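Report on the structure given below.
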Amino acid sequence: MPFNSIDGKFVLDTSAILSRKYDLSSSIFYVTNSILKEVEKGKISRYLEMAESSLNIIDPDADSIARVKRAAQKTGDINRLSHTDIEAVALALQIGATLITDDYSMQNVSTVLGIKANSASIKEIGKVIEWVYRCTGCGRIYEENTGSCRICGHALKNYPRKTRKIEEKDEKASSTG
Ligand SMILES: [Zn+2]
């Protein structure tokens, strides 16, 4: 993986900001414009005031967004993610930050991309689903969706191979890709 998590950079998604657990007067936090827009719909302007001069607002580049979309397609999370969600994950990927979110799909996609993801207020996601492709005929497992089975010619279907524990150390999270 080209990215390593650099300690001290954190992308906060909407749920993380709404948890009000973070001292936004610190300059270690990053959001996108779309996250900020979502948050401003809520009534926490006083909490946001303390972030005025310190919060880093960056929108991710197209390449990072595309990589997140591809990963979400692969894990099957794509339909559960809003554009704001995708941008938050993409920003964390782009700047090598830890993503703070309570959203399981965002956490799942982050993990397959080697992004460190932490929960803001609920229990951390303990495992990640790894999707592979299974032949509907002979049951053979494929890493890539080749369309049909090389052996018997039947169609392949999305199949959760196994789940694994997410380790605290981020070296383990970068084994995919
Ligand atoms: Zn087969």
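A quick note: this is a predicted structure, and the numbers were derived from the prediction, not measured. Whatever order the structure lists ligands and atoms in, that order sets their numbers, starting from 1.
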Mind listing the side-chain donor-acceptor pairs of residues 55-62 below 3.5 Å, one per line with the distance, residues two or more places apart or on another chain?
unit_1 : atom_1 : unit_2 : atom_2 : d
N56    : ND2    : S27    : O      : 2.8
N56    : ND2    : F29    : O      : 2.9
D59    : OD1    : N33    : N      : 3.0
D59    : OD2    : N33    : ND2    : 2.8
D61    : OD1    : D63    : N      : 3.4
D61    : OD1    : S64    : N      : 2.8
D61    : OD1    : S64    : OG     : 2.8

inquiry  = Quick check for you: to the nearest 0.5 Å, what is the distance between Q73 atom CD and N79 atom CG?
reply    = 8.0 Å
remark   = Closest non-hydrogen contact found for V112 with A71 is CG2-CB, 4.0 Å
request  = Using a cut-off of 2.8 Å, count how many protein N, O or S atoms are strictly closer to the Zn ion (ligand 1).
outcome  = 4
message = Checking T136 now: which residues fulfil side-chain contact (heavy atoms from CB on, under 4.5 Å) with it, not counting sequence neighbours?
response = H154, A155, K157
query = Looking at residues at least two apart in the chain, or sitting in another chain, which of them share a side-chain contact (heavy atoms from CB on, under 4.5 Å) with L81?
reply = A72, D77, D85, I86, D103, S105, M106, V109
inquiry  = Does any part of the side chain of Y104, heavy atoms only, come nearer than 4.5 Å to the side chain of R80, both counted from C-beta?
reply    = no
